[in-house]
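Below is one structure, written out as structure tokens; comments come after it.
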Amino acid sequence: MLLLTRTPEAWHRLSQLKATALPGILGGKALHLRCRLWSRQGSAETGRQSQPQGPGLQTRLLITALFGAGLGGAWLAVRAEKEQRRQQRRTEALRQAAVGQGDFSLMDHQGQARCKADFQGQWVLMYFGFTHCPDICPDELEKLVQVVQQLEAEPGLPPVQPIFITVDPERDDVAAMARYVQDFHPRLLGLTGSAEQVAQVSRSYRVYYSAGPKDEDQDYIVDHSIAIYLLNPDGLFTDYYSRARSTKQIADSVRGHMAAFRSVLH
Amino acid sequence: MAAPSMKERQVCWGARDEYWKCLDENTEDASQCKNLRRSFEASCPQQWIKYFDKRRDYLKFKEKFEAGQFQPSKPTTQA
């Protein structure tokens, strides 16, 4: 297009070339006729006699522009439809994952049965650890709770549910969890269960844990992966935060996810 | 055995920090810090003592490594 508008003379020569080369080809006659029609129309519009054989420059530009716009429009429409289909497939996949992924069946620190669906519609920050943990778990839980406190102090933000899941079901029964969580936050929910239930939820969230050897007091340390998980109100795993992330970094990230969130369930 | 409460944890961490500070000041000479070691052992579960001892070793090594003072043992020339 740009080239054609810049060099009308070249275009003119080209159209002459076409007109002489084409007659042999099928439909060439019709093209000739149309050309002549255009040329008459064109010269009548512009009132010039210098280009009797081709259509006027403006007309040619118009036709080219229309044709180009038509092609462009068609391409855009096809692309938009493709993108829409891709988005639909993605939403469907996410919806399935939201319902099935990371489900669990555990007991909270008040003895009430809990599964993942109970937290639908809420943002969840989740940490795996154990109550006999010497330093890392309390530090990480403290950090998690500070994030929750920061966010709940900001008006207009949805509340975040803090959850602590034990990887030491042997010692961390409902009573032990109740004693432990009360030190951190009034809304912190402690979840425990049978060895199988804990193994299942840990597998779902790719959490590794391994109890160390017992000493004479039957005490032991549980080695485990350290990460804070963020679930969105659809129950989808949204982000995770390693130990190196500060309270502020996590709070900023959660805020960003909240602003960008669109539910796939409705 | 119940897990230490938050208060008990803080007492334990405090005793640990005092003992570690003493070791820092006395270039790791534990004989200079016997009283603080006893208080540390009295304030924390036995399992935690073992854990914190190992953790200090690790942190010291990390410090040295990051300062570029760590020299890896020379590989033996024998096949």
Side-chain angles (χ1 to χ4, degrees), chain A residues 109 127-146 149 162 164-186 188 190-192 198 209-224 226 243-244, chain B residues 1-70:
Chain A
H109 66 269
Y127 180 76
F128 290 79
F130 64 113
T131 66
H132 285 73
C133 183
D135 55 355
I136 296 171
C137 313
D139 284 352
E140 288 301 290
L141 272 178
E142 195 56 52
K143 197 161 81 182
L144 189 154
V145 158
Q146 278 169 8
Q149 282 167 342
F164 171 61
I165 300 181
T166 184
V167 290
D168 185 14
E170 193 185 322
R171 286 183 295 188
D172 290 344
D173 55 12
V174 169
M177 292 299 270
R179 262 198 311 277
Y180 193 68
V181 296
Q182 64 176 7
D183 284 338
F184 292 93
H185 190 280
L188 176 63
L191 298 182
T192 182
V198 168
Y209 64 98
S210 165
K214 287 178 186 174
D215 64 13
E216 51 266 45
D217 298 338
Q218 296 300 298
D219 196 5
Y220 54 92
I221 299 263
V222 183
D223 186 28
H224 62 92
I226 303 153
R243 212 182 152 200
Chain B
M1 196 187 74
S5 67
M6 180 163 278
K7 214 171 166 191
E8 286 163 338
R9 277 198 299 276
Q10 275 155 0
V11 170
C12 163
W13 293 342
R16 172 200 65 188
D17 293 344
E18 289 285 310
Y19 173 60
W20 281 5
K21 204 172 121 203
C22 174
L23 288 180
D24 284 339
E25 284 163 1
N26 292 286
T27 54
E28 302 300 302
D29 183 2
S31 63
Q32 302 288 311
C33 310
K34 275 185 181 149
N35 284 337
L36 287 170
R37 175 79 193 180
R38 258 197 298 280
S39 140
F40 172 43
E41 284 177 2
S43 312
C44 302
Q46 199 198 341
Q47 192 68 234
W48 287 22
I49 308 263
K50 268 192 264 174
Y51 169 84
F52 286 134
D53 284 345
K54 273 192 231 155
R55 181 133 188 93
R56 180 169 173 90
D57 283 347
Y58 166 74
L59 290 173
K60 283 280 139 196
F61 168 75
K62 197 175 154 198
E63 230 171 70
K64 224 168 143 183
F65 188 80
E66 283 171 352
Q69 292 165 345
F70 173 70

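Quick note on labels: first sequence line is chain A, next is B, and so on, each numbered from 1. As a basis for the values below, the full set of heavy atoms in this structure was taken, side chains included, without hydrogen atoms, waters or symmetry mates.
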In short, salt bridge (charged side-chain N to carboxylate O under 4.0 Å, His left out) pairs touching residues 30-41 of chain B with sequence neighbours left out are R37(B)-E41(B), R37(B)-D53(B)

Are there residues of residues 58-66 of chain B that reach to under 4.5 Å of chain A by heavy atoms, and which ones?
none

Are the side chains of K214(A) and Q47(B) in touch, meaning some heavy atoms are under 4.5 Å apart?
no

Determine the option with the most heavy-atom pairs under 4.5 angstrom with chain B, choosing from D217(A), D183(A), D172(A).
D183(A)

Listed pairs under 3.5 Å, donor-acceptor, residues 133-140 of chain A side chains, sequence neighbours left out:
{"unit_1": "D135(A)", "atom_1": "OD1", "unit_2": "Y51(B)", "atom_2": "OH", "d": "2.8"}
{"unit_1": "E140(A)", "atom_1": "OE1", "unit_2": "K143(A)", "atom_2": "NZ", "d": "3.4"}
{"unit_1": "E140(A)", "atom_1": "OE2", "unit_2": "K143(A)", "atom_2": "NZ", "d": "3.3"}

What do the steps show when you test I221(A) against K50(B) for side-chain contact (heavy atoms from CB on, under 4.5 Å), and what is the final call?
CA-CA 10 Å; I221(A) 299 263; K50(B) 268 192 264 174; over 6 Å; no

Pick whichever of P4(B), C44(B), A3(B), S5(B) has the most heavy-atom pairs under 4.5 Å with chain A.
A3(B)

Min side-chain heavy-atom separation M6(B)-F184(A) under 4.5 Å
yes

Please report the closest heavy-atom contact between A2(B) and R179(A), naming both atoms and the distance.
CB-NH2, 3.7 Å

Region of K7(B) in contact with chain A, defined by heavy-atom distances below 4.5 Å
neither

Listed by number, the residues in residues 11-30 of chain B that come under 4.5 Å of chain A (heavy atom to heavy atom) are W13(B), R16(B)

Please report the interatomic distance OH(Y180(A)) to CZ(R9(B)), rounded to the nearest 0.5 Å.
4.5 Å

